[in-house]
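First up is the structure itself, then whatever we jot down about it.
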Amino acid sequence: SSSPRALWGSRIGFILAAAGSAVGLGNIWKFPYITGNNGGGAFVLVYLICIALVGLPIMMAELMIGRYTRRDAVGAFRTLARPGSPWRLAGWISILAAFVILSYYSVVAGWTLEYILRAVQGAFRTPATTGTVETAEQVRALFDGLIESGPRQLLWHFLFIGVCLGIVIGGVQKGIERWSKILMPLLLGLLALLFVNGMLSDGARQAWVFMFRPDFSKLTSGAVLEALGHAFFTLSLGMAAMITYGSYLSRAENLFASGLRIALLDTVIALIAGLAIFPIVFSAGMQPGAGPGLVFQTIPVVFSNLPGGNILALLFFLLLAFAALTSAISLLESQVAYLIDERDWGRKRATAFLAGLAFLVGIPSALSSNLLQHITPIANLGVFDSIDLIASNYLLPISGLLTALYVGWFWSDQEEKQELMADGSVWIYPLWHFLIRFVAPIAVGIILYYKIEETGLFAFFAGLF
Ligand code: PHE
Ligand code: NA
């Protein structure tokens, strides 16, 4: 189209929007419970290594693709590769992943709205009579009641998608950037309060030891794969988000420094979320390995037995809702950018259409009470759960692998890639290039291999011969 491309209004606006995409349910809901499930310190160490050696280089590659082509993910690969080349598939896969993930991300985000409402109603106040036992039952009843109630979940899902629509329709500067500049500081403030609260509680020491003293006897190969997969999810990689946000980035910005800041913020926030949550779990004598219910079932019980716990619960679920919102808008924007750039749609029409579609596609997910299965897949997956499993376990790593391979091996213009060296350092470019050519594709190739082997697909094909 003829109008000049929208750009971020300021460096801080871009950093907050991109960090807003990265910081989400992945940091505050998923990171603490997978750390708990995988025994703490050793898992955290592996996760940090995965972020540094695989996540960070791919993040820079995605920002680079976006800024260089100034297009949505499909258009970006089309512009880079020869017309008709199979590389545009990489763009399609990432937009498809964004589409599928938004539809259920919004359902889980909707749960946080229910908890906010309950906290406002005082549901997490300490019961005067029997304390923990009574609260544990109430919280379980609340959660079960929620996931079994189709209408409630649909209502929250509708509301959440509606808020995303309201923000994204405002555009890059007046919608996404403006709201990120409001929501991210609020999120950081809430997290700081909860962190201080954790540090002041009895379990603080135990939490530090649990998270930072590696016990390698607890490290399984499954945990290593999970750490690598989560590095993708948490940095918003493989879902077109960083390509799209990079496409609004001014040429004057240093990609290396930007990528580093975003990844650092995401990582620090995940660690601080752990340090806010584990101390209170330990002081209450509860287990860190409670699974996906840690945040929705365990934490509220712990809160309601603390003085001022209802307020803490309110702050916590507000934090979760803000984090989910800034992530969900990046998933929506990545798809909107496609319709605007490739199909010449107007922003309003594109946003309304895609938000409506995300709502519709999320309906089965809101109505299936066993959504959490996508975290711990078990034998009888429903249709929707299977689609979701395919999106997060296969589409993301595949599109990440394609990105690394393209940028590392097929993008031959070294000069363009040296944009990364805007800070004039002599070692950053070769180091990054080595990681993106060898380390990232090999590591991602290995997870994909094991994930596919797990499904028995290889054995199935081998059996055919
Ligand atoms: N990074 C987000 C999180 O940690 C999830 C997400 C992935 C958001 C991809 C946007 C795009 O929750
Ligand atoms: Na994240």
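Computed over heavy atoms, backbone and side chain alike; hydrogens, waters and symmetry mates excluded.
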For the side chain of Arg347 and the backbone of Val168, is there at least one donor-acceptor N/O pair under 3.5 Å apart?
yes
Against the six-membered ring of Phe233, is Lys30 placed for a cation-pi contact (under 6.0 Å from the centre, within 45° of the normal)?
yes
Do Val224 and Thr220 have side chains that approach each other closer than 4.5 Å (heavy atoms only, starting at C-beta)?
no
For the residue pair Phe14 and Tyr248, is the inter-centroid distance of their aromatic rings smaller than 6.0 Å?
no
Is there a donor-acceptor contact under 3.5 Å from the side chain of His157 to the main chain of Phe359?
yes
Classify the side-chain pair Trp8/Glu253 by whether it contains a donor and acceptor separated by less than 3.5 Å.
no
Could you check whether any side-chain heavy atom of Glu342 comes within less than 4.5 Å of a side-chain heavy atom of Arg78, counting everything from C-beta outward?
yes
Where Ala273 and Asn27 come nearest, the two heavy atoms and their spacing
CB-O, 3.8 Å
Is a side-chain N or O of Tyr105 found less than 3.5 angstrom from the main chain of Leu25, in a donor-acceptor match?
yes
Carboxylate-amine/guanidinium proximity below 4.0 Å for Arg67 and Glu62
no
Does any donor atom in the side chain of Ser330 or Ser21 lie under 3.5 Å from an acceptor atom in the other side chain?
yes
Aromatic ring centroids of Phe317 and Trp111 under 6.0 Å?
no
Is the side chain of Tyr406 donor-acceptor paired with the backbone N or O of Leu80 at a distance under 3.5 Å, no angle test?
yes
Just wondering, more than 12 heavy atoms not from Arg70 lying within 6.0 Å of its CZ?
yes
Taking the six-membered ring for Trp, are Tyr68 and Trp411 parallel (under 30°), tilted (30 to 60°) or perpendicular (over 60°)?
tilted
Pair Glu333, Thr351: side-chain N/O donor-acceptor within cut-off below 3.5 Å:
no
Is the count of non-hydrogen atoms from other residues, nucleotides or ligands lying under 6.0 Å from Phe158 atom CZ greater than 12?
no
Do Trp432 and Trp427 have side-chain heavy atoms sitting under 4.5 Å apart?
no
Geometric class of the Trp345/Phe353 ring pair [parallel <30°, tilted 30-60°, perpendicular >60°]
tilted
Decide yes or no for Phe99 and Val361: does some side-chain heavy atom of the first lie under 4.5 Å from some side-chain heavy atom of the second?
yes
Donor-acceptor contact below 3.5 Å, side chain Tyr245 vs main chain Leu63
no
Separation between CZ of Arg178 and CG of Leu16, rounded to the nearest 0.5 Å
15.0 Å
Any side-chain heavy atom of Ile167 sitting closer than 4.5 Å to one from Thr326?
no
I'd like to know whether CZ of Phe438 has more than 12 heavy-atom contacts from other residues, nucleotides or ligands below 6.0 angstrom.
yes
So, Thr234 and Asp266: side-chain donor and acceptor under 3.5 Å apart, yes or no?
yes
Could Arg5 and Asp341 be called an ion pair, given the rule that one side-chain N must be under 4.0 Å from one carboxylate O?
yes
Would you indicate whether the side-chain heavy atoms of Trp156 and Leu146 approach each other to under 4.5 Å?
yes
Return yes if some donor-acceptor pair links the side-chain N/O of Thr69 with the main-chain N/O of Ile65 below 3.5 Å, else return no.
yes
Considering all heavy atoms of both residues, which atom of Gly362 and which atom of Val107 are nearest to each other, and what is their separation?
O-CG2, 3.8 Å
